[in-house]
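Here is the structure we will look at.
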Amino acid sequence: MVRIVEADAEIYPLEKKEDICTHIERCGRTCYKSENMITNETAVPFINGILKSGHESVIEHANVIFTMPNIPENRRILTMRDIRGLNISVERDSLTGEDAIVVSGNMRAFRDLARKYDIQDFLLLIGNPLFFIKQDASRAFDGIKLESVQTSRFSELHNYITIHSVCDLGAYKDITRHRLASFSIESTRYCNYAKGKFGSELTMIEPCNIEKGTEMYAEWLKCMNMIEESYMKMAALGGKGDQLRMLLPHSVKADMIMSANITEWKHIFSLRCHQAAHPSVRLIMKKMLNAFYRQWPDFFAEQYREFIGQQ
Ligand SMILES: Cc1cc2nc3c(=O)[nH]c(=O)nc-3n(C[C@H](O)[C@H](O)[C@H](O)COP(=O)(O)OP(=O)(O)OC[C@H]3O[C@@H](n4cnc5c(N)ncnc54)[C@H](O)[C@@H]3O)c2cc1C
């Protein structure tokens, strides 16, 4: 019998520069469902491995925010907006009352900036040689400061949120269309659910648009169980993950990590909390919006009112 679970979402916080590696490891291990292997020593070798293998999207889940004085020598950063994952603006700093150049983005973007423009300043300030492109680089800008990781006192462009969600394959297929967000998803190729580690069973998300106790629900459940039976039979015949996944339906559960800045999150909510979105996508997106509103009411109050109701 398949296991049935509810869709859910939780915020994965990242508050300190020192936690960048453990945050990345926590996000990246979702792909392999190897979270149980995390110890105090595993983050660096894990990240080394993914960087060497070219699986660099995993480091997109950690974002860093910098400021520098808005002086002519520094303004050439404004021409480097072609680096994906990098956000640059000139904003009034509420601490100093002066305009500052604010540069933020994920670890991958800062590595791409270093590769394309030989701008190493940001990586040097983050200070972890694991991410360096060059060791002995010279500085390109004056007065850069590392302000914070993930969230900041600046605009929504420079505030990032990572979530872990448990949703169905159909929902994540829709959600991963959002190109300005970063994703890591449980791999149906690497995870062989016939193995004891997965309880030798398939896990499905409770369908929110098929009412429990109805004939239609019974038909859905019968089909899910038949799929599981065939999956286990094919596995017993020597089927590999690549072959077994050909059977998986839209209802199958997947763990998904997703990171984006608040500008993109708001765009996604405007499309995916809307009536026109699929009910399973709407359900998971409203859970996220609710969680975000509790933590950042100023940024999300309007959408909370529109899609969820009165505070
Ligand atoms: C109700 C609904 C029904 C849908 N039905 C279908 C369907 O039948 N088939 C289908 O294939 N898809 C479908 N989609 C997916 C949809 O077409 C988009 O791919 C998805 O919603 C991503 O949103 P987005 O393109 O607005 O922006 P994102 O990818 O979230 O990007 C954010 C913004 O960045 C800008 N941007 C990003 N990349 C580019 C780019 N390459 N060029 C120019 N501007 C860019 C745009 O301004 C965009 O609004 C549907 C979506 C919804 C909400």
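Numbers here simply count residues along the sequence, with the first being 1. Both ligands and their constituent atoms are indexed starting at 1 by order of listing. Both backbone and side-chain heavy atoms feed into the values below; hydrogens, waters and symmetry mates do not. Everything quoted here is computed from the prediction, not taken from an experiment.
Taking the six-membered ring where tryptophan is involved, the planes of H274 and F307 are perpendicular, since the angle between them exceeds 60° and thus also 30°. Between Y193 and Y231, the two ring planes are tilted [angle within 30° to 60°]. Below 30°, between 30° and 60°, or above 60°: for H267 and H178 the angle between ring planes is above 60°, a perpendicular geometry. Using the six-membered ring where Trp is involved, Y217 and W220 have ring planes that are tilted, between 30° and 60° apart.
Distances below 4.0 Å separate heavy atoms of A276 from the following atoms of ligand 1: 1 (C). Less than 4.0 angstrom separates some heavy atom of R179 from each of these atoms of ligand 1: 24 (P), 25 (O), 27 (O), 28 (P), 29 (O), 30 (O), 37 (C), 38 (N), 39 (C), 40 (C), 41 (N). Residue contact check: R177 has heavy atoms under 4.0 Å from atoms 10 (C), 11 (O), 12 (N), 19 (O), 20 (C), 22 (C), 29 (O) of ligand 1.
Within a 4.0 Å radius of atom 4 (C) of ligand 1, the protein contributes no non-hydrogen atoms. Counting only heavy atoms, the protein gets under 4.0 Å from atom 28 (P) of ligand 1. For atom 42 (N) of ligand 1, the protein comes within 4.0 Å by no heavy atom at all. At a distance under 4.0 Å, no protein heavy atom can be found next to atom 7 (C) of ligand 1. Under the 4.0 Å distance rule, the nearest protein heavy atom to atom 52 (C) of ligand 1 falls inside the cut-off. Within a 4.0 Å radius of atom 1 (C) of ligand 1, the protein contributes at least one heavy atom. Counting protein heavy atoms under 4.0 angstrom from atom 24 (P) of ligand 1 gives one or more. Within a 4.0 Å radius of atom 39 (C) of ligand 1, the protein contributes at least one heavy atom.
At least one heavy atom of L180 sits less than 4.0 Å from an atom of ligand 1.
Remark: side-chain polar atoms of T42 are not paired, donor with acceptor, to backbone N or O of I38 under 3.5 angstrom. A donor-acceptor pair under 3.5 Å links the side-chain atoms of R272 to the main chain of D174, judged by distance alone. A donor-acceptor pair under 3.5 Å links the side-chain atoms of E91 to the main chain of S155, judged by distance alone.
Closest heavy-atom approach to atom 26 (O) of ligand 1 among the candidates H267, Q275, H178: H267. Closest to atom 20 (C) of ligand 1 by heavy atom, among R282, K173, E264, R272, is R272.
By the criterion of a heavy-atom distance under 4.0 Å, neither the backbone nor the side chain of H274 is placed next to ligand 1.
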